[in-house]
Amino acid sequence: MKTIDKIPTGKIGRTSKLMQTGVKLGGNYLKYYSKKAFNPDYTRDELDQSNADDIYDSLKSLKGSALKVAQMLSMEKSLLPNAYVEKFSLAQFSVPPLSAPLVRKTFKKYNGAYPEDLYDKFASESVNAASIGQVHKAEKDGKKLAVKIQYPGVADSISSDLAMVKPIATRMFNLQGKDSAKYFKEVEGKLLEETDYILEVKQSKEISEACAHIPNLKFPKYYEELSSERIITMDWMNGKHLSEFAKKNTDQNKANKVGQALWDFYMYQMHGLKEVHADPHPGNFLIDKEANLIAIDFGCIKKVPEDFYVPYFELANKENINNSEFFNAKLFELEILREDDSEREIKYFSKLFYEMLSLFTSPFHEENFDFADESFWNSITTLSEKYSKDTELRKMNGNRGSKHFLYINRTFFGLYNLLHDLQAKIEVNKFRNYML
């Protein structure tokens, strides 16, 4: 893969790059409408593919929070056309890495020494490049290590990158008014945390220790003396990325073993720790030869406040969902319904969220759940398509729900998608055996 010798770090350079992309997208639309004029049956597939290619090519050279947002969107498989999902999913663990000279220069800037001064061996070529940093193999005192290096300028460009992305997100999610600021502030805060590698090492150690007793789950050891604000050194862990394992695996017992460990890991964090690894994409998990799950990235941790946790999981109870008075009261607590809503809006959003929650909480209504069940996924697709085409919804204020929904829903949707990729069957309440 071609390497990158320079990343635009200033606001002008990054804005200019995105403007160039905007010009390309304009050309793609002209081509589409020209062909459409001669052939009314011509579909948007080619347009979506061209736009996805051009947007991703731009973001992968910028890296940072703009690329991270694309990665987040790639997990929303019901939200975007397939061309975008497939292209943006590359941001999870397959983007052009920094060149060897730039790695060396970046390392010296962040750690005050060159890699060869700190490690006995250091591979100049990256083995894994994502949106915020890339990973290199190293050795010290006989130990095989993974060294994660943050891309230059990522932390400093988060606010300006999000300002560029905001108009697109506002239109995409139909956000209106000043209340939308709370969602962007939540994303900005989490992205800033992800660039603080001292915080990540702390979080990694705390959650690793707290979850060490869960079966079939492993974590690397972290080395604070070889880490800094922009560098993390940890044990090198052998295994396949979860997506690679899922594609090649034909052993249902292994799929169930990995899936159960993944489910127990998330449920234990959510209900026991009240904080959760909120970035469940395949690049953050490895599977070893014994089908153990290895969690390798704790940059994005979402704390779950009690005043959100209680009503959120009360609505995972089927009886509560079907009690209309109780259900609506909880929708107000969770800021889904608002005091200034009209009767029409209350009726509309109560119905929408009843349908959504009845479906999305269905795994919690069973003792065992099969995430390979296509009827479950077809129902999600059907519901998504129904409301994406609903013209009435577009007329209403899309600012719905507490800011905490952003990362908690992302966590559950990501977890469900991983379990579906694995085709895993899990015991829903098994995690309670490990609650301390």
Chemist: Could you check whether any side-chain N or O of Asn111 sits under 3.5 Å from a backbone N or O of Ala113, counting only pairs where one atom can act as donor and the other as acceptor?
Modeler: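 Checking the backbone N and O of Ala113 against the side chain of Asn111, no donor-acceptor pair under 3.5 Å is found.
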Chemist: Counting only heavy atoms from other residues, nucleotides and ligands, does the tally under 6.0 Å from NZ of Lys105 exceed 12?
Modeler: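 No.
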Chemist: Quick one: which residue pairs count as a salt bridge (charged side-chain N to carboxylate O under 4.0 Å, His left out) with a foot in residues 128-144, not counting sequence neighbours?
Modeler: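 Every candidate salt bridge (charged side-chain N to carboxylate O under 4.0 Å, His left out) pair involving residues 128-144 fails, so no pair, neighbours aside, qualifies.
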Chemist: State which residues pass ring-ring contact (aromatic ring centres under 6.0 Å, His included) with Phe431; sequence neighbours excluded, sorted by chain then number.
Modeler: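 Listed in chain order: His271.
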Chemist: Look at the rings of Phe219 and Phe298 and say which category their plane angle falls in: under 30° parallel, 30 to 60° tilted, over 60° perpendicular.
Modeler: tilted
Chemist: Please identify each residue that fulfils ring-ring contact (aromatic ring centres under 6.0 Å, His included) with Trp377, with sequence neighbours left out.
Modeler: His420
Chemist: List in chain and number order the residues that pass salt bridge (Lys or Arg N to Asp or Glu O under 4.0 Å) with Lys221, two or more places apart in sequence or in another chain; answer none if no residue qualifies.
Modeler: none
Chemist: Between Tyr266 and Ala278, is there a donor-acceptor pair closer than 3.5 Å when you use the side chain of the first and the backbone of the second?
Modeler: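 No; zero donor-acceptor contacts below 3.5 Å.
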Chemist: Work out which heavy atom in Lys182 is nearest to a heavy atom in Gly401; give both atom names and the distance.
Modeler: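 So the two residues come closest at NZ-O, 3.5 Å.
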Chemist: Taking side chain to side chain contact (heavy atoms under 4.5 Å, CB included) as the definition, give me every residue that meets it alongside Ser379, ordered by chain and number, with sequence neighbours left out.
Modeler: Leu359
Chemist: State whether the side chain of Glu366 and the backbone N or O of Val428 hold a donor-acceptor pair below 3.5 Å, judged by distance alone.
Modeler: no
Chemist: Output all residues satisfying side chain to side chain contact (heavy atoms under 4.5 Å, CB included) with Lys205, sequence neighbours left out; order by chain, then residue number.
Modeler: Val201, Glu209, Tyr222, Glu224
Chemist: For the backbone of Pro280 and the side chain of Arg410, can you confirm whether one donor and one acceptor N or O come within less than 3.5 Å of each other?
Modeler: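 Judged by distance alone, no pair lies under 3.5 Å.
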Chemist: For the pair His277 and Phe285, name the ring-plane relationship: parallel under 30°, tilted 30 to 60°, perpendicular over 60°.
Modeler: tilted
Chemist: Which residues satisfy the ring-ring contact (aromatic ring centres under 6.0 Å, His included) test with Tyr223, sequence neighbours excluded?
Modeler: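 Per chain and number, Tyr223 pairs via ring-ring contact (aromatic ring centres under 6.0 Å, His included) with no residue.
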Chemist: Ignoring hydrogens and geometry, is there a side-chain-to-backbone donor-acceptor pair from Tyr183 to Lys403 under 3.5 Å?
Modeler: no
Chemist: Please report the closest heavy-atom contact between Tyr114 and Arg104, naming both atoms and the distance.
Modeler: CD2-CG, 3.5 Å
Chemist: Please identify each residue that fulfils salt bridge (Lys or Arg N to Asp or Glu O under 4.0 Å) with Glu193, with sequence neighbours left out.
Modeler: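 In terms of salt bridge (Lys or Arg N to Asp or Glu O under 4.0 Å), with neighbours along the sequence ignored, Glu193 is linked to Lys190.
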Chemist: Within the distance-only criterion (no hydrogens, no angle test), does the side chain of Ser358 pair as donor or acceptor with the backbone N or O of Glu355 below 3.5 angstrom?
Modeler: no
Chemist: Decide if the gap between the ring center of Trp263 and the ring center of Tyr434 is smaller than 6.0 angstrom.
Modeler: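 For Trp263 and Tyr434, the ring centres are not under 6.0 Å apart.
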Chemist: What residues, two or more places apart in sequence or in another chain, satisfy salt bridge (Lys or Arg N to Asp or Glu O under 4.0 Å) together with Asp288?
Modeler: Lys218
Chemist: Tell me every residue that passes side chain to side chain contact (heavy atoms under 4.5 Å, CB included) with Ser124, counting only those two or more places apart in sequence or in another chain.
Modeler: Ala100
Chemist: May I ask you to decide if Leu226's main-chain N or O and Thr233's side chain share a donor-acceptor pair within less than 3.5 Å?
Modeler: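 Confirmed, Thr233 side chain pairs with Leu226 backbone.
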Chemist: May I ask you to decide if His404's main-chain N or O and Glu186's side chain share a donor-acceptor pair within less than 3.5 Å?
Modeler: no
Chemist: Between Asp373 (side chain only) and Asp370 (backbone N and O only), is there a donor and an acceptor less than 3.5 Å apart?
Modeler: no
Chemist: Under the salt bridge (Lys or Arg N to Asp or Glu O under 4.0 Å) rule, collect the residues that match up with Lys248, sequence neighbours excluded.
Modeler: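 Per chain and number, Lys248 pairs via salt bridge (Lys or Arg N to Asp or Glu O under 4.0 Å) with Glu244.
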Chemist: Check the pair Tyr110, Tyr197 against ring-ring contact (aromatic ring centres under 6.0 Å, His included), reporting the backbone distance first and the verdict last.
Modeler: CA-CA 11 Å; Tyr110 290 155; Tyr197 282 181; 8.5 Å; no
Chemist: The criterion is ring-ring contact (aromatic ring centres under 6.0 Å, His included); which residues satisfy it with Phe353, sequence neighbours excluded?
Modeler: none
Chemist: Are the side chain of Asn249 and the backbone N or O of Asp251 linked by a donor-acceptor pair below 3.5 Å?
Modeler: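 Yes.
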